[in-house]
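Here the structure comes first, spelled out in structure tokens, and everything after it is commentary.
In this text the structure is predicted, and so the values were computed from the model without any measurement.
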Amino acid sequence: MTQNAQHIDEDIRDEVLSLFEEKEKDLISIDKKIQKIEEEGVILFDRKAIAIKNKLVEDTSVSEDMLEEKYIDALEMARKETLEDVHQKIQELLSKHVAVKETEA
Amino acid sequence: MVKFHEIPGKAIEAVGRYSQEQLEARRLRLESPVLKRRLEQTVNLVGEDIRNVGRSAASAAWKMTLGAPISSIIEGTKTLGSVIGHNWSTKKKKRGYTEVPTAMVEELLSKYASGAWDIVKVAGHLSKALTRTTVLGARYLIGK
């Protein structure tokens with residue numbers, strides 16, 4: 001590698017490093033928020049699954065023959081709802097992030 | 001309509017006990033090994049779905065934060081992109097952040113690759129910068 005090429009290589013690395021350093025706080029902050037939403041989503045589904053089971057146990061209008069099928073259907077619905085909820089929260093988070101970036105700009 | 005006051009106490013107790021047993025039987029049915037497995041599978045799928053959404057969001061956030069629009073890549077870095085793409089495919093990806101530093105470094109490179117460098121030389125330098133970026137990204141965001 002020529003001296004000039006090495007110099008340019010170091011320049012590139014310095015720029016990458018300083019860019020990361022500059023944005024580190026932002027990146028960590030939004031990543032933590034995303035992870036929190038992910039964790040809340042898993043908890044939300046767990047709660048829904050428990051509620052579904054309890055409701056089906058109590059709801060004797062659902063015959064024994066239909067119990068398993070209803071349970072599986074309800075779990076799938078809960079999965080869909082949970083995903084929609086997570087998606088919506090993340091969209092809100094990103095919208096806020098865009099707004100902040102626009103303000104900064 | 002059932003007139004409960006007309007039913008002897010023992011009969012009421014029996015009805016109550018029967019109802020409880022029925023509920024317990026329904027509960028046990030919903031806790032069968034087959035349905036337990038089904039629940040576990042669904043929990044795993046939910047986790048996977050959520051992680052996918054999270055990864056996309058993180059990737060979008062990185063793009064916004066670091067501001068490296070792919071559209072700004074100069075024509076010469078297209079070949080470069082394929083070189084980097086090959087490097088990436090051999091790495092273990094923890095999360096979906098890969099394209100972001102790639103875009104960022106490509107943009108940085110576009111400032112340097114003014115034509116005086118041939119593409120192989122540029123790719124070599126860029127790969128090094130990209131590796132450093134990946135290490136940093138992983139260290140900062142995944143805690144590795």
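- A:Lys53 is listed as a side-chain neighbour of B:Arg27, based on a closest heavy-atom distance under 4.5 Å.
- Interface residue A:Glu58: backbone and side-chain heavy atoms are both found under 4.5 Å from chain B.
- For a residue to count as touching a neighbouring chain, one of its non-hydrogen atoms must lie under 4.5 Å from one of that chain's; by this rule A:Ile90 touches chain B with the side chain only.
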A:Glu68/B:Arg29 under salt bridge (Lys or Arg N to Asp or Glu O under 4.0 Å): CA gap, chis, key distance, verdict
CA-CA 8 Å; A:Glu68 292 179 11; B:Arg29 191 157 183 168; 3.7 Å; yes
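- Of the listed residues A:Val62, A:Ile37, A:Asn54, the one with more heavy-atom pairs under 4.5 angstrom with chain B than any other is A:Val62.
- Under a cut-off of 6.0 angstrom, the local environment of NZ in A:Lys89 is crowded, with over 12 non-hydrogen atoms contributed by other residues, nucleotides or ligands.
- When heavy atoms are compared at a cutoff of 4.5 Å, B:Glu24 does not approach chain A at all.
- Looking at B:Leu35 and A:Ile72, their side chains come closer than 4.5 Å, going by heavy atoms from C-beta outward.
- At a 4.5 Å heavy-atom cutoff, the contact between A:Leu83 and chain B is made by side-chain atoms alone.
- Neither the backbone nor the side chain of A:Leu93 comes within contact range of chain B; no heavy atoms are under 4.5 Å apart.
- Interface remark: of the candidates B:Ile50, B:Thr42, B:Leu39, B:Ile50 forms the most heavy-atom pairs closer than 4.5 Å to chain A.
- Checked for salt-bridge contact, B:Glu48 and A:Arg79 miss the test: no charged N lies under 4.0 Å from a carboxylate O.
- Taking CD of A:Glu76 as the reference point, atom CG of B:Leu45 lies at 7.5 Å (rounded to 0.5 Å).
- Annotation for A:Glu84: atom CD counts as buried by contact number, over 12 foreign heavy atoms lying within 6.0 Å.
- From B:Asp49, atom CG reaches atom NE2 of A:His87 across 10.5 Å, with rounding to the nearest 0.5 Å.
- Residues B:Val53 and A:Met77 do not share a hydrophobic cluster, clusters being chains of Ile/Leu/Val/Met/Phe/Trp/Tyr side chains in contact below 4.5 Å.
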